[in-house]
Amino acid sequence: MHGHLTPPKPDEELNVTFIDKEGEEHNFQVAQGDNLLDIAQSEELEMEGACGGSCACSTCHVIVESDDMFEKMDEPDDDENDMLDLAFGLTETSRLGCQVKMSKALDGLRVKLPSMTRNLQASDFSGAKKS
């Protein structure tokens, strides 16, 4: 799985920094349109993505470090918000990595990986009866 992303073209590199659970920073140059889940997995960072990036779990939960950068992102849709509600350690600037695509506006993005993730998937709730 390592390195399955198309490298950015010269002079079109976007910078993204992941801060792992230990507080270590990992800086990458990526292409426009790459999503954070694919970037993390191609660089072998600890981001699960149990549902394969289909916005049906919360294991690729990231915390955007800067409010300004968070404001530049597209609003999360209803599906993403539903999954974020299940995320461990939810914050005001939480997003799902599979839903955040890199763009020029997000060049320099810094995201933290939460200390834990919950693997709750949408399928865990469909048709569940309350007793």
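- Closest heavy-atom contact between A50 and C57: N-SG, 3.8 Å.
- In the hydrophobic clustering of ILVMFWY residues, with side-chain heavy atoms under 4.5 Å counting as a link, L45 and V100 come out together.
- The OG atom of S94 lies 7.5 Å from the CZ atom of F70; values are rounded to the nearest 0.5 Å.
- Residues K101 and L36 fail the side-chain proximity criterion, which asks for heavy atoms closer than 4.5 Å.
- Of all heavy-atom pairs spanning L37 and N35, the tightest one is N-OD1, 3.0 Å.
- In this structure, CD on Q99 lies 7.5 Å from SG on C60, to the nearest 0.5 angstrom.
- Looking at residues two or more places apart in sequence or on another chain, you find a salt bridge (charged side-chain N to carboxylate O under 4.0 Å, His left out) between E25 and R110.
- Within the model, atoms CG of D67 and NZ of K72 stand 12.0 Å from one another, a figure rounded to the nearest 0.5 Å.
- Put simply, the side chain of H61 never gets that close to the backbone of L113: no donor and acceptor are under 3.5 Å apart.
- To the nearest 0.5 Å, the span separating CD on E65 from OG1 on T93 amounts to 9.0 Å.
- Heavy atoms only, all atoms of each residue included: C98 and G53 are closest at CB-CA, 3.7 Å.
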Legend entry - side-chain contact (heavy atoms from CB on, under 4.5 Å) assessment of C55 paired with L96: CA-CA 8 Å; C55 199; L96 295 182; 3.9 Å; yes
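- Side chain to side chain, N81 and D78 fail the donor-acceptor criterion of an N or O pair below 3.5 Å.
- Residues satisfying the salt bridge (charged side-chain N to carboxylate O under 4.0 Å, His left out) criterion with R95, sequence neighbours excluded, are E80.
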Inset, instruction - Evaluate the side-chain contact (heavy atoms from CB on, under 4.5 Å) criterion for residues M47 and V62: first the C-alpha distance (whole Å), next the side-chain angles of each, then the deciding distance (0.1 Å), finally the verdict. - result: CA-CA 9 Å; M47 188 185 289; V62 296; 3.4 Å; yes
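- I63 and L90 sit in two unconnected hydrophobic clusters of ILVMFWY residues. Membership requires side-chain heavy atoms under 4.5 Å apart, directly or through other members.
- Contact check for S115 versus F88: side-chain heavy atoms found under the 4.5 Å cut-off.
- Counting all heavy atoms, side chain and backbone alike, A56 lies closest to C51 at N-SG, 3.3 Å.
- In this structure, T59 contributes its side chain and E48 its backbone to no donor-acceptor pair below 3.5 Å.
- Distance check, rounded to the nearest 0.5 Å: CG of D34 to OG of S103 gives 11.5 Å.
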Throw together a table of side-chain donor-acceptor distances under 3.5 angstrom for residues 12-20, partners on residues two or more places apart or in other chains.
residue : atom : partner : partner atom : Å
E13     : OE1  : D11     : N            : 3.1
N15     : OD1  : Q29     : NE2          : 3.4
N15     : ND2  : D107    : OD1          : 3.4
T17     : OG1  : N27     : OD1          : 2.6
D20     : OD1  : E22     : N            : 2.9
D20     : OD1  : G23     : N            : 3.1
D20     : OD1  : E24     : N            : 2.9
D20     : OD2  : H26     : NE2          : 2.8

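- L109 is listed as a side-chain neighbour of M73, based on a closest heavy-atom distance under 4.5 Å.
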Inset, instruction - Go through the steps for S42 and F28 under the test side-chain contact (heavy atoms from CB on, under 4.5 Å), then give the verdict. - result: CA-CA 11 Å; S42 74; F28 305 112; over 6 Å; no
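- Of the inter-residue distances, the one linking Q41 atom CD with L5 atom CG reads 10.0 Å to the nearest 0.5 angstrom.
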